[in-house]
Amino acid sequence: MSLPAPDTDALAASHSLQQLIAADIEQHGGAIAFSRFMELALYAPRLGYYSGGAAKLGASGDFTTAPEMTPLFGAAVARVAAAIIAQSAPDIIEFGAGTGRLARDVLAELARQGVEVRSYTIIELSGELRARQQANLADLPQLRWLDAMPDRFSGVVLANEVLDAMPVELVIRTGDGWRRQMVTVEDGAFAFVQAPLGAELTAQLARQVPDHEQMIEGYVTELHPIGAGFMRSLAAMFAGGRGAAILFDYGFPAHEYYLDQRIGGTLMCHYRHHAHPDPFYLPGLQDITAHVDFTAMALASQDAGLPVLAYMSQASFLLGAGIGELLLENDPEDAKHFLPRSRAVQKLVSPAEMGELFKVLVVGQDVELPEPIVRADRSHRL
């Protein structure tokens, strides 16, 4: 594996985080769940990937998200948000807002439509990203930041690439049945060891993974109890209120997630625009993600009392939301401005790019979605 070398300060920060994780492993008897390792690698104060100071997004970071590609993404989202606001409340919550680009673009399009937004709340765990957001959005009076969900809410919730960054459990099929992947230290390096699943993860496996008893020995996959807990929290927040949450992420429904060819699972790491499978490489300097099981997320929301309103590919959602019409508001003769936006839209909706891999799950209550979004619904495939 040939990856760009970190600078001296970044390497020192990673070593500090490795020592913190090793101490946590020792404190817990020599092994911790992979979900705990992932939590520390991503969110340990001042050292984790999302809570540290390194750039995450754009050319100098590790990946680029849809809102960073073109303001038309946020404008298309705003068209659907406007319909939800008209039936609920003029308030928006965004989880994990990155640089703040989506917030700015959504608010700009809503203002252009004459839709007044009373509050736009960002819930952000990354101190570095929160600081960038506050600097980038200082001119927008609706913005505020919280550390946790409010108890009750009506309006629109946005979450772009949030579920994939939530810690997952890794499980492996062995000759003795399913086992939990734990993380230990061997010869000064992190390594996997196995432990029993326990009652809670056994129930999660049975609920989440179809035909798990027929899977071959050596099959590794992810369980998503934290993601499911997030969906239950959304349901509790919307209890007694009106509105919808729109969640964008990459992943599959269950019948596509647990295929034989995905024997190694979907866990992936991103470092300086390079993708690789080693979660133990330079903790704190790389993103660690897993594809989302949208069936599991939909069931968690539905079981907690928050119905699924729609599920579809990102391409179907954006086209139904009118991203094509928004593009054509730009003069095609003005190649300097039109061509970059056209290329970005193509990447967002192309089946060979982000259009099919990324999905959109909409959960909510007491609101109706715009007719083009309803027509594109494929929730029966969950």
Side-chain angles (χ1 to χ4, degrees), residues 1-22 24-25 32 34-69 96-99 101 124-133 160-170 181 183 185-186 188-192 220-222 226-227 248-251 262 264-292 347 353-354 357-358:
M1 179 172 56
S2 178
L3 296 170
D7 62 33
T8 302
D9 290 343
L11 192 60
S14 180
H15 286 162
S16 295
L17 180 56
Q18 290 174 54
Q19 293 171 358
L20 184 152
I21 296 173
D24 195 71
I25 289 172
I32 57 175
F34 180 78
S35 59
R36 174 61 175 168
F37 172 87
M38 187 171 171
E39 176 189 354
L40 292 171
L42 296 181
Y43 302 109
R46 298 180 300 282
L47 295 173
Y49 178 77
Y50 283 110
S51 51
K56 315 297 187 277
L57 305 172
S60 62
D62 302 308
F63 53 89
T64 300
T65 63
E68 305 297 320
M69 295 178 187
T99 64
R101 179 66 182 270
E124 179 61 70
L125 298 179
S126 167
E128 180 263 336
L129 287 175
R130 177 184 285 211
R132 289 179 68 184
Q133 292 158 13
N160 182 62
E161 293 195 54
V162 170
L163 289 170
D164 70 87
M166 292 185 177
V168 296
E169 296 284 354
L170 290 184
Q181 293 277 62
V183 179
V185 178
E186 290 182 358
F190 297 121
F192 284 119
V220 175
T221 194
E222 302 87 25
I226 294 175
F248 295 81
D249 230 310
Y250 49 89
R262 263 189 268 281
T266 73
L267 197 79
M268 186 59 62
C269 305
H270 300 274
Y271 174 68
R272 304 278 293 276
H273 291 277
H274 290 71
H276 68 91
D278 182 6
F280 300 144
Y281 179 77
L282 295 179
L285 302 188
Q286 65 172 358
D287 194 14
I288 306 173
T289 75
H291 284 55
V292 175
K347 186 167 185 176
E353 298 276 358
M354 298 172 67
L357 176 60
F358 277 71

Asks: For Ala44 and Leu17, which heavy atoms make the closest approach, and how far apart are they?
Replies: CB-CD1, 3.7 Å
Asks: Stepwise, does the side chain to side chain contact (heavy atoms under 4.5 Å, CB included) test hold for Tyr271 with Leu285?
Replies: CA-CA 7 Å; Tyr271 174 68; Leu285 302 188; 4.1 Å; yes
Asks: Mind listing the closest non-hydrogen atom pair of Glu161 and Thr65 along with its distance?
Replies: OE2-CG2, 3.6 Å
Asks: Take the angle between the ring planes of Phe192 and Phe34 and call it parallel below 30°, perpendicular above 60°, tilted in between.
Replies: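 The arrangement is tilted - the two ring planes meet at 30° to 60°.
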Asks: Supply the atom-to-atom distance Ser51 OG to Glu124 CD, rounded to the nearest 0.5 angstrom.
Replies: 10.5 Å
Asks: Looking at every heavy atom in both Ala66 and Met354, which two are closest together, and how far apart are they?
Replies: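 The pair with the smallest heavy-atom distance is CB-CE, 4.1 Å.
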Asks: When the aromatic ring centroids of Tyr43 and Tyr49 are compared, is their separation below 6.0 Å?
Replies: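 Tyr43 vs Tyr49: aromatic centres not under 6.0 Å.
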Asks: Between Asn160 and Asp249, is there a side-chain heavy-atom distance shorter than 4.5 Å?
Replies: no
Asks: Return the minimal non-hydrogen interatomic distance between Pro283 and Phe37, and the atom names on each side.
Replies: CG-CZ, 4.3 Å
Asks: Evaluate the side-chain proximity of Ser35 to Val168: yes if any heavy-atom separation is below 4.5 Å, no if none is.
Replies: no
Asks: Below 4.5 Å, heavy atoms only, C-beta onward: do Leu267 and Glu222 meet side chain to side chain?
Replies: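 Counting from C-beta outward, Leu267 and Glu222 do come under 4.5 Å.
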Asks: List the residues meeting side-chain contact (heavy atoms from CB on, under 4.5 Å) with Glu39, not counting sequence neighbours, and say none if there are none.
Replies: Arg36, Pro167
Asks: Can you name the nearest heavy-atom pair linking Leu42 to Ala165, along with the distance?
Replies: CD1-O, 3.5 Å
Asks: Verify, without hydrogens or angle tests, whether Ser16 (side chain) and Ala12 (backbone) share a donor-acceptor contact under 3.5 angstrom.
Replies: yes
Asks: When rounded to the nearest 0.5 angstrom, what distance separates CD1 in Ile25 from CZ in Phe190?
Replies: 5.0 Å
Asks: What's the spacing between Met69 CE and Glu353 CD if we round to 0.5 Å?
Replies: 8.0 Å
Asks: Please find the pair of heavy atoms, one from Pro67 and one from Arg101, that lie closest to each other, and give the distance.
Replies: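 In terms of heavy atoms, the two residues are closest at O-CG, 3.1 Å.
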Asks: Quiz question: by atom type and distance under 3.5 Å, do the side chains of Glu68 and Thr99 form a donor-acceptor pair?
Replies: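 Indeed, the side chains of Glu68 and Thr99 share at least one donor-acceptor pair under 3.5 Å.
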Asks: Measuring only between side-chain heavy atoms, which start at C-beta, is Phe280 closer than 4.5 Å to Val183?
Replies: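 Contact flag for Phe280/Val183 side chains = yes.
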Asks: Going by the rule side-chain contact (heavy atoms from CB on, under 4.5 Å), which residues pair with Met268 if we only count those two or more places apart in sequence or in a different chain?
Replies: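 Counting only residues at least two positions away or on another chain, Met268 forms a side-chain contact (heavy atoms from CB on, under 4.5 Å) with His270, Ala275, Thr289.
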Asks: What about the rings of Tyr281 and His276, do their centers lie closer together than 6.0 Å?
Replies: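 Yes, the ring of Tyr281 comes within the 6.0 Å limit of the ring of His276, centre to centre.
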Asks: Taking ring-ring contact (aromatic ring centres under 6.0 Å, His included) as the test, write out the residues that go with Phe358, two or more places apart.
Replies: Tyr250
Asks: Please list, chain by chain and in numerical order, all residues satisfying side-chain contact (heavy atoms from CB on, under 4.5 Å) with Gln19, sequence neighbours excluded.
Replies: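 For Gln19 there are no side-chain contact (heavy atoms from CB on, under 4.5 Å) partners, ignoring immediate neighbours.
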Asks: For the pair His274 (side chain) and Arg272 (backbone), establish whether a donor and an acceptor sit closer than 3.5 Å, ignoring hydrogens and angles.
Replies: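 Yes; at least one donor-acceptor contact below 3.5 Å.
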Asks: Measure the CD1-SG distance between Ile288 and Cys269 for me, rounded to the nearest 0.5 Å.
Replies: 5.0 Å
Asks: With sequence neighbours excluded, tell me which residues meet salt bridge (Lys or Arg N to Asp or Glu O under 4.0 Å) with Glu169.
Replies: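 Applying salt bridge (Lys or Arg N to Asp or Glu O under 4.0 Å) to Glu169 gives Arg180.
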Asks: When rounded to the nearest 0.5 angstrom, what is the spacing between CG in Leu282 and OG in Ser14?
Replies: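 Spacing of CG (Leu282) from OG (Ser14) equals 4.5 Å.
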Asks: Atom CG of Leu20 and atom CZ of Arg46: how far apart are they, to the nearest 0.5 Å?
Replies: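 Output value for this atom pair is 9.5 Å.
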Asks: Let me see the working for Thr266 and Thr221 under side chain to side chain contact (heavy atoms under 4.5 Å, CB included), right down to the final yes or no.
Replies: CA-CA 7 Å; Thr266 73; Thr221 194; 6.0 Å; no
Asks: Asp9: what forms a side-chain contact (heavy atoms from CB on, under 4.5 Å) with it, not counting sequence neighbours?
Replies: Asp7
